[in-house]
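I have placed the structure first, in the form of structure tokens, so that the comments after it can refer back to it.
Every value quoted in this text rests on a predicted model; they were computed, and no experiment measured them. Index from 1, following the sequence. When reading the values below, keep in mind they use all heavy atoms of this one structure, side chains included, and skip hydrogens, waters and symmetry mates.
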Amino acid sequence: MLRTRTLIAFSILMLVSLACNALVPAASTSTPVVIVEPTFPPQPSDLPATEADVPRVSLEQALTAYSAGAAIFLDVRGAESFASRRIPGAINIPLAEIEANPIIPNVEKDQWIITYCT
């Protein structure tokens, strides 16, 4: 009988010891923190890949589209060059500004934007 009580007491002591160890995390074990940056699927681009892929427009096509109100001329040179000589009615936004903020004010969504730099 004493042997049974000792065995039960020892079993209870072992269970309590195991339960306490399961509740307290080990000090030497640390869980690494992993920060996952969101990724977005690549968007199809209608932009030309190289300068050779940029579509060119003839002067006649540009003038016809501009006269019909279907296009605007966007001069991407600096302000000094624009002030000295430009296409009448052209908008001046230097190329560096377009690269920083590609929004062009007062342009209709369906208007053709014809850029020039010479």
Side-chain angles (χ1 to χ4, degrees):
M1 184 85 158
L2 181 62
R3 188 172 176 204
T4 306
R5 285 185 185 172
T6 306
L7 188 58
I8 291 174
F10 181 72
S11 298
I12 291 174
L13 185 60
M14 288 298 291
L15 288 174
V16 169
S17 176
L18 291 173
C20 289
N21 286 338
L23 296 176
V24 178
S28 63
T29 307
S30 63
T31 305
V33 176
V34 178
I35 299 173
V36 178
E37 294 288 331
T39 58
F40 301 99
Q43 297 294 319
S45 176
D46 294 336
L47 298 176
T50 65
E51 186 176 335
D53 295 335
V54 175
R56 305 295 180 193
V57 59
S58 70
L59 291 174
E60 294 79 20
Q61 289 174 317
L63 182 58
T64 301
Y66 179 75
S67 298
I72 63 162
F73 290 115
L74 180 61
D75 189 324
V76 295
R77 300 176 297 159
E80 291 177 16
S81 298
F82 180 75
S84 68
R85 191 166 181 180
R86 65 182 170 274
I87 296 174
I91 298 171
N92 177 236
I93 303 176
L95 186 58
E97 289 181 29
I98 291 175
E99 290 173 346
N101 181 14
I103 298 173
I104 302 171
N106 303 322
V107 176
E108 299 294 323
K109 186 177 179 178
D110 59 344
Q111 274 187 314
W112 185 14
I113 301 171
I114 302 172
T115 60
Y116 72 95
C117 58
T118 57

| field | Close side-chain approach of Leu74 to Tyr116, heavy-atom, < 4.5 Å | value | no
| query | If you take all heavy atoms of Arg77 and Arg86, which pair is closest and at what distance? | reply | NH2-CA, 4.0 Å
| request: Considering non-hydrogen atoms only, spot the tightest contact between Arg85 and Asp75 and give its length. | output: O-OD2, 4.5 Å
| task | Look at the side chain of Glu97 and the backbone N and O of Pro94, then say whether any donor-acceptor pair between them is shorter than 3.5 Å. | result | no
| field | Transitive ILVMFWY side-chain link Ile104 to Phe82, under 4.5 Å | value | no
| query | Is there a donor-acceptor contact under 3.5 Å from the side chain of Ser67 to the main chain of Thr64? | reply | no
| field | Heavy-atom check, side chain of Thr115 versus side chain of Ile98, under 4.5 Å | value | no
| query | Closest heavy-atom contact between Cys117 and Val76? | reply | CB-CG2, 3.7 Å
| Minimum heavy-atom separation for Arg56 to Glu51, with atom names? | NH2-O, 3.6 Å
| Single-linkage hydrophobic cluster Trp112~Phe73, side-chain heavy atoms < 4.5 angstrom | yes
| field | Side chain to side chain, Ile114 and Tyr66, heavy atoms closer than 4.5 Å | value | no
| note | Note: Asn92 and Gly78 closest approach over all heavy atoms is ND2-O, 4.2 Å
| Is there a path of hydrophobic side-chain contacts, each under 4.5 Å between heavy atoms of I, L, V, M, F, W or Y residues, that connects Val107 with Leu95? | yes
